[in-house]
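Below is one structure, written out as structure tokens; the observations come after it.
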Number of protein chains: 2
Amino acid sequence: MNYIKAYAPATVANVACGFDIFGFAIEEPGDIVEITRTERPGIVIKDIFGDGGRLPREASKNAVTGVMLHLVEHLGLADFGAEVVLHKNMPLGSGMGSSAASSVAGIVALNALLDEPLSRNELLRFAMEGERIASGSAHADNVGPALLGGFVVIRSYDPLDVFTIPFPGDLYATLVHPDIEINTKDARYILRDEVSLKDTITQMGNVAGMISGLMQSDYELISRSMVDVIIEPVRSILIPQFGMVKQAAIEAGALGCSISGSGPSMFALSRGADTAQKVAKVMAEGFKQVGIDAHSHVSAINKTGATILEQA
Amino acid sequence: MNYIKAYAPATVANVACGFDIFGFAIEEPGDIVEITRTERPGIVIKDIFGDGGRLPREASKNAVTGVMLHLVEHLGLADFGAEVVLHKNMPLGSGMGSSAASSVAGIVALNALLDEPLSRNELLRFAMEGERIASGSAHADNVGPALLGGFVVIRSYDPLDVFTIPFPGDLYATLVHPDIEINTKDARYILRDEVSLKDTITQMGNVAGMISGLMQSDYELISRSMVDVIIEPVRSILIPQFGMVKQAAIEAGALGCSISGSGPSMFALSRGADTAQKVAKVMAEGFKQVGIDAHSHVSAINKTGATILEQA
């Protein structure tokens, strides 16, 4: 095999109450990576489309090729050579798991080109390295769902313990990206290092409710559990119109609404595609009222994660 | 109906990672309450057995009769009269949910005597008042499982949101009570008011893992999730031999082992009754090595909660 084209989806990390431990994948948008084997050893970036020239072109500094170099080194393939093309189909620094989608598409493409030496679960550590290259911290709450699909729990980082849980079939996500940018490092920096025991207990209760609601298809319980008393009160300050947009989403029928990842995108979960569409409309309007352009996406929860689109 | 005899079981609150939000009931031991209707209005305590004379005999100050007075007042039954007998079958201040078992047996007995004006879920608030009378704080993590049975989650106190979750059929509890006493108020007082964000994330991951493991009958996941980085490191200082007893339980095959409620009792969960028995033996021996008598109980998870034993 000499050519692979792979796709990995956008993802929503944190999911209200589950800071650093919950994430889910949506169906679209997503990034595409093409890899073509070359005679000459070494991995090089041939082209990046859709990033406005902002991503590094040097292979070791770019998340996509950076994770590929790690995998090639891990497998001891000193002679391996490839040219890589990345198609960015979502904005950088958006809270939609942009870097994760690229890293995961890259690592899945390379693994396929090499005839699947590693399982999806084994690829997770490599994809996490892409997050370290992109944002300085090897988080799994975007790469986990981008790779595995579904609703993902990161129980522990040390040792790494990641699993998917069942979720109801009629659960739809709305993802709205306002045209402003937040740096992931800044979004982390403003968080307090300490949490009150009271808030910790509240958040644990909501985490328990969220897992139980998802696994038992109890939409009301999911709705009651989509409450974040720790992170959202701090980070929402960085998002103009946050309170108004959230309220509009709830009034339009969303089960809950919060910040996607470290923002500025906001997400909502709804029962049924129609409600999710209505929610998308009012959320985008909320941003537009103050002159901020907003792009919305409505999607079922992605069940498969990254996929191979073409091979030759 | 003029006479009721009701039973409510011992319970394990917190269950390692779920401080204030998790609890489960065991089958035995449990407290028994007998109520006999009287012509004369008012609720009086006729006898209490097994408390060594330590519980208050004045109706409004005793948790059992205190909750009954609340219910009678709530129902507007000014003429109601009854004599109450309480049989304590577990030690006070043991971390086994002693006051909860008494309050729940009392409220369930009274509700049955009055021909079930309230549902089990509606009785929860009254039973919680018993906890306030006994310990100053209306917690639900013992009264919830004593009343409803099974594995209970308290998602929220305000508004009260309590539900049970499925658990694997081969899950057995070991409960070991060392013959020392810890005051619940003291056990709460030594806790820090603040928790690091890092520990909060770790604990949330374990809460998610515990719920998912229980609901999917994944014993390994239950085992990995029975980790408490917030409360156990502080409270375990109050329990002599804690580390040694816990390690012995794990080595004997327990999925996990921690403090039951606010202690000093310790509990373990195991797959299968045989393992739970072995675990009980080594845990009790651990205490006896330093001259502390310990009583152990092995039980399946109680599926029904409080029950009516006799009526006439």
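Because the structure is predicted, anything quoted here is derived from the model rather than measured. In what follows, every chain begins at residue 1, and chains take the letters A, B, ... in the order their sequences are listed.
With a 4.5 angstrom heavy-atom cutoff, A/Asn206 touches chain B via backbone and side-chain atoms both. Interface residue A/Phe163: only side-chain heavy atoms are found under 4.5 Å from chain B. Proximity to chain A is limited to the side chain of B/Ile230, based on heavy atoms less than 4.5 angstrom apart. Residue A/Asp199 does not touch chain B at all, counting heavy-atom pairs closer than 4.5 Å. If you measure heavy-atom distances from B/Asp161 to chain A, the contacts under 4.5 Å come from the side chain alone. Heavy atoms closer than 4.5 Å to chain A are found nowhere in B/Ser156, neither backbone nor side chain.
No other option in A/Thr202, A/Leu221, A/Ile154 has as many heavy-atom pairs under 4.5 Å with chain B as A/Leu221. Counting heavy-atom pairs closer than 4.5 Å to chain A, the top residue among B/Val195, B/Ile21, B/Ile165, B/Val227 is B/Val195. Top candidate by heavy-atom pairs under 4.5 Å with chain B, chosen from A/Met210, A/Lys198, A/Gln216, is A/Gln216. Ranked by non-hydrogen atom pairs under 4.5 Å with chain B, the options A/Ser225, A/Cys17, A/Gly18 are led by A/Ser225. With respect to chain A, the highest number of heavy-atom pairs below 4.5 Å among B/Pro159, B/Gly205, B/Pro166 belongs to B/Gly205.
B/Lys303 has no carboxylate O lying under 4.0 Å from a charged side-chain N of B/Glu27, or vice versa, which leaves the two without a salt bridge.
Within the 4.5 Å cutoff, the side chain of A/Ile26 has no heavy atoms near those of the A/Thr11 side chain.
For the 3.5 Å distance criterion, the side chains of A/Ser99 and A/Glu131 qualify, holding a donor opposite an acceptor. Side-chain polar atoms of B/Asp228 and B/Ser258 form no donor-acceptor pair below 3.5 angstrom.
A donor-acceptor pair is defined here as one N or O able to donate and one able to accept, closer than 3.5 Å; such a pair exists between the side chain of B/Arg120 and the backbone of B/Leu147. At distances below 3.5 Å, not a single donor-acceptor pair connects side-chain atoms of A/Tyr172 with backbone N or O atoms of A/Ala268. A distance-only check finds a donor-acceptor pair linking the side chain of B/Gln203 to the backbone of B/Val229 [under 3.5 Å].
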Evaluate salt bridge (charged side-chain N to carboxylate O under 4.0 Å, His left out) for A/Glu194 paired with B/Arg192, printing each intermediate quantity in order.
CA-CA 11 Å; A/Glu194 299 268 307; B/Arg192 289 179 58 221; 3.1 Å; yes
